[in-house]
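Encoded as structure tokens, the structure appears first; notes follow it.
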Amino acid sequence: MGIDKINKRLHDAYGGQVRAEDKGDYIVVTGRLKEWKDIVAACGMCVQKGKKNRKKHVVNDIVFEGGSNPGMRMPGLRDSSLEGAAPDVLIIGGGISGASIARELSRWQLDILLVEKEADLAVQSSGRNDGEVHPGVDLRKGSLKQEYVLKGNRMYDQICEELDVPFRRCGQYVGFTQWRYLPVIFLYVLEKKYRCKVKDTRLVGRKAFRRAEPELNPDFKFAIYNPGAGCVCPYGLTIAYGENAVENGARISLNTAVSDMEVKEGIIQCVHTNRGSIYPSLVINAAGTFAEDVAKMAQDRFYSIHPRRGTNSILDKKAGHLVRSISSVRTMKKTTGHTKGGGMLHTVDDNVLVGPDAVETWEKENFATEQASIDRVFAKQKGTSPGLTQRDIITYFTGVRAATFEEDFIIEMGRRTKNLIHCAGIQSPGLTTAPAVAVDVAAMAVKALSCQKEIKPNTGFRPNRKGIPRLRELPEEERDRIIRENPDYGVIICRCEEISKGEILDALNSPLPVCTVDGIKKRLRPGMGRCQGGFCMPLVAQIISEHEGIPLSRVKKSGTEAVISYGPTKG
């Protein structure tokens with residue numbers, strides 16, 4: 001579609017309030033609008049379809065008159081601990097993308113520094129999603145998402161074994177309640193299986209479906225089934241990647257926000273943070289919803305991020321019988337939103353997770369949960385499981401996804417800035433694709449740095465990370481042996497999740513310890529059961545106080561005090 005035709009469409013829709021300009025490798029949209037949904041729609045009209053236009057992106061410069069951008073939340077910590085640091089690679093962002101890239105790069109003799117503005121890894125999108133390892137059945141052929149989801153899914157068994165992270169291939173069902181859809185769904189399955197290479201896609205009849213999922217909607221007539229779909233704890237995997245990166249020589253600096261950059265003749269010379277100025281040879285932009293902001297600082301902005309909120313609810317383990325896999329109902333009604341529609345997922349920790357929905361927002365860090373979102377998700381998923389009820393909710397959370405207007409990933413070298421790699425637009429199924437994306441981004445980084453010096457393999461690289469023993473999952477004899485050797489493992493701190501003092505001390509002594517109540521919660525799950533920390537939170541805080549040698553009053557739920565950076569400094 002030419003730029004004149006795009007502008008005619010924009011004029012017809014918005015009466016000349018917005019206009020598009022073709023900048024060669026991207027289209028910039030300017031003007032003023034009062035409604036955020038109109039800004040998203042206007043930029044969506046400018047997207048160029050087809051594989052040949054895959055690298056032509058839309059930049060949003062429309063002034064939003066209906067609200068103000070609160071800006072990025074900055075850590076309260078200020079020091080000079082990173083002043084003058086000159087790593088080979090600076091990774092910006094401590095989500096699943098940044099952590100997995102750091103681990104893959106640690107296979108080489110490189111000085112790697114990852115900076116994350118939050119007080120822990122996986123605080124934003126990577127800690128606020130459903131943990132599904134997608135099969136790729138609902139992605140369009142030719143997209144980067146579809147290319148990487150097939151590679152990434154196949155890597156999960158090995159990655160989770162190496163990193164000692166629980167992973168379960170529970171399968172995915174998409175159920176249909178009307179036989180009349182069977183012919184078109186049969187053709188859809190053939191396309192996905194043979195043309196899109198999602199080879200495990202198949203149809204199952206009502207009897208087989210009911211045997212596998214006896215408590216789902218009895219009106220389901222048939223379902224699309226992908227046995228290769230699975231589930232993992234998203235923040236657990238991110239932390240495991242980070243710990244293994246540190247074990248192999250990478251450094252991670254939390255509470256570290258990038259505020260500006262100095263760029264000269266297409267080269268990033270200096271990156272300014274709240275903890276000092278850094279002088280990297282190469283920068284990897286894995287900043288999630290703030291990837292566009294980083295690109296702008298680096299003078300390489302050719303895409304935009306439009307944040308999208310999604311709310312999930314977590315049910316008590318007593319509701320675990322409702323679903324054994326990942327399941328959802330599908331109607332043939334046309335939808336206007338960019339969402340897989342949500343569903344029900346039996347997690348690796350035996351809760352049921354319900355959601356998410358998809359709501360466009362201009363706020364990148366508003367994680368508040370609205371009752372309307374929960375009501376909307378439950379109303380739809382009642383069609384998946386009639387026994388679903390909000391009375392079983394023990395907690396809920398909202399995440400913000402980093403969508404581009406093209407609804408695809410951006411994984412490439414900088415276009416105008418030479419020592420920059422973008423790993424941007426990583427929304428669902430970004431968790432699934434992370435292992436494969438990390439391999440490719442690491443290869444791009446090594447190739448770019450090889451122009452400056454010889455890059456040698458890290459002969460001491462250890463792919464295996466030993467996680468904290470999960471005593472509640474061990475046979476009774478093994479558990480008794482461990483308790484005899486260390487009685488701290490016999491002191492139960494969290495009754496709901498059966499977490500011991502010994503496990504908490506292991507987390508405080510791990511390669512990437514975060515000595516806050518939330519840091520321990522993410523690593524071990526105390527406070528994630530039915531009582532949501534009502535019993536164990538004071539006990540966890542007391543253990544942190546004693547371990548760190550600080551007053552109980554200084555123990556943080558989350559925040560900036562306890563964490564600086566990890567990993568050896570390379571001379």
Side-chain angles (χ1 to χ4, degrees), residues 120-122 127 131 160-168 232-233 235-240 242-244 246-247 314-320 346-351 394-395 464-558 562-563 566:
D120 201 353
L121 300 181
C160 289
E161 181 179 356
E162 289 178 349
L163 297 179
D164 197 13
V165 172
F167 169 60
R168 186 165 60 91
V232 71
C233 174
Y235 46 86
L237 179 60
T238 304
I239 291 168
E243 288 184 353
N244 192 233
V246 169
E247 289 171 334
I314 299 178
L315 309 188
D316 193 338
K317 290 182 179 180
K318 71 178 185 180
H346 192 113
T347 72
V348 290
D349 297 299
D350 287 330
N351 298 97
I394 58 173
T395 191
N464 295 310
R465 164 228 179 223
K466 183 62 178 173
I468 298 168
R470 294 176 284 273
L471 264 69
R472 65 188 179 277
E473 299 175 8
L474 296 177
E476 187 174 345
E477 297 79 9
E478 178 68 8
R479 190 170 181 172
D480 287 344
R481 182 189 64 78
I482 292 174
I483 292 171
R484 284 195 300 271
E485 292 177 359
N486 184 347
D488 283 339
Y489 289 112
V491 181
I492 298 300
I493 300 300
C494 175
R495 297 173 180 177
C496 299
E497 296 293 321
E498 300 179 51
I499 306 299
S500 70
K501 180 180 179 180
E503 292 164 274
I504 293 171
L505 291 172
D506 285 343
L508 292 171
N509 292 315
S510 69
L512 186 61
V514 173
C515 304
T516 64
V517 172
D518 281 354
I520 299 300
K521 181 178 180 178
K522 288 173 70 174
R523 283 153 179 77
L524 294 171
R525 293 182 57 81
M528 290 192 180
R530 181 72 192 183
C531 81
Q532 288 293 290
F535 173 78
C536 63
M537 186 179 291
L539 301 177
V540 171
Q542 182 64 44
I543 294 171
I544 295 172
S545 169
E546 294 171 357
H547 183 272
E548 295 299 298
I550 59 176
L552 188 60
S553 60
R554 280 191 58 198
V555 176
K556 301 289 186 179
K557 182 178 183 296
S558 60
V563 181
Y566 301 92

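For reference, positions follow the sequence shown, starting with 1.
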Just do the side chain to side chain contact (heavy atoms under 4.5 Å, CB included) check on Ile468 and Leu524 with the steps written out, would you? CA-CA 8 Å; Ile468 298 168; Leu524 294 171; 3.8 Å; yes
Stepwise, does the side chain to side chain contact (heavy atoms under 4.5 Å, CB included) test hold for Ile520 with Thr516? CA-CA 6 Å; Ile520 299 300; Thr516 64; over 6 Å; no
Derivation and outcome, side chain to side chain contact (heavy atoms under 4.5 Å, CB included), residues Arg525 and Arg472: CA-CA 12 Å; Arg525 293 182 57 81; Arg472 65 188 179 277; 4.0 Å; yes
Check the pair Gln542 / Ser545 against side chain to side chain donor-acceptor pair (under 3.5 Å), numbers first and verdict last. CA-CA 5 Å; Gln542 182 64 44; Ser545 169; 4.6 Å; no
Test side chain to side chain contact (heavy atoms under 4.5 Å, CB included) applied to Asn509 and His547, step by step: CA-CA 9 Å; Asn509 292 315; His547 183 272; 2.9 Å; yes
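Across Ser500 and Leu471, no two heavy atoms sit closer than the pair OG-CD2, 4.5 Å. Of all heavy-atom pairs spanning Ser510 and Glu243, the tightest one is OG-OE2, 3.5 Å. Between Pro538 and Gly534, the closest heavy-atom pair is CD-O, 4.4 Å. Residues Cys536 and Cys494 come closest through the heavy atom pair CB-CA, 3.8 Å. Val555 approaches Ala541 most closely through the heavy-atom pair CG2-O, 3.7 Å.
Between Glu498 and Arg479, at least one side-chain N (NZ, or NE/NH1/NH2) sits under 4.0 Å from a carboxylate O, which counts as a salt bridge. A salt bridge links Asp316 with Arg530: the distance from a Lys NZ or Arg NE/NH1/NH2 to an Asp or Glu carboxylate oxygen falls below 4.0 Å. Salt-bridge annotation for Lys466 and Asp506: absent, with no side-chain N of the basic residue lying under 4.0 Å from a carboxylate O of the acidic one. A salt bridge is defined here as a Lys NZ or Arg NE, NH1 or NH2 lying under 4.0 Å from an Asp or Glu carboxylate O, and Glu161 with Arg465 fails to meet this definition. Residues Asp120 and Arg523 are paired through a salt bridge, judged by an N-O separation under 4.0 Å between the basic side chain and the carboxylate. A salt bridge links Arg481 and Glu478; the closest N-O separation between the charged side-chain nitrogens and carboxylate oxygens is under 4.0 Å. One finds a salt bridge joining Lys557 and Asp518 here, because a Lys/Arg side-chain nitrogen approaches an Asp/Glu carboxylate oxygen to under 4.0 Å.
Side chain of His346 to main chain of Asn351: no donor-acceptor pair is present (N/O by atom type, distance under 3.5 Å, no hydrogens or angles). In terms of modelled atom types and a separation under 3.5 Å, the side chain of Lys522 and the main chain of Gly127 share no donor-acceptor contact.
To the nearest 0.5 Å, atom OG1 of residue Thr347 and atom CD1 of residue Ile314 are 7.5 Å apart. Annotation: the span from Ile483 atom CD1 to Tyr489 atom OH amounts to 10.5 Å, rounded to 0.5 Å. Rounding to the nearest 0.5 angstrom, the gap separating the CD atom in Glu247 from the CG atom in Asn464 is 9.5 Å. Taking CZ from Arg470 and CD from Glu503, the interatomic distance works out to 9.5 Å, rounded to the nearest 0.5 Å. Atom-to-atom distance recorded for Ile239:CD1 and Asn244:CG is 13.5 Å, nearest 0.5 angstrom. Between the CG atom in Asn486 and the CD1 atom in Ile482 there is a gap of 9.5 Å [rounded to 0.5 Å].
Considering only heavy atoms from C-beta on, Ile492 stays 4.5 Å or farther from Ile499 through its side chain. Leu315 has its side chain out of reach of Ile394: every pair of non-hydrogen atoms, C-beta onward, lies at least 4.5 Å apart. Taking the side chain as every heavy atom from C-beta outward, Pro526 and Ile493 never approach each other to under 4.5 Å. Side chains of Cys160 and Val232 form a contact here, defined as non-hydrogen atoms less than 4.5 Å apart.
Applying the 6.0 Å contact sphere to CZ of Arg168 captures more than 12 heavy atoms from other residues, nucleotides or ligands. Dense packing is recorded around CD of Glu485, with more than 12 heavy atoms of other residues, nucleotides or ligands lying under 6.0 Å away.
Every residue was checked against the side chain to side chain donor-acceptor pair (under 3.5 Å) condition with Asp488, not counting sequence neighbours, and none meets it.
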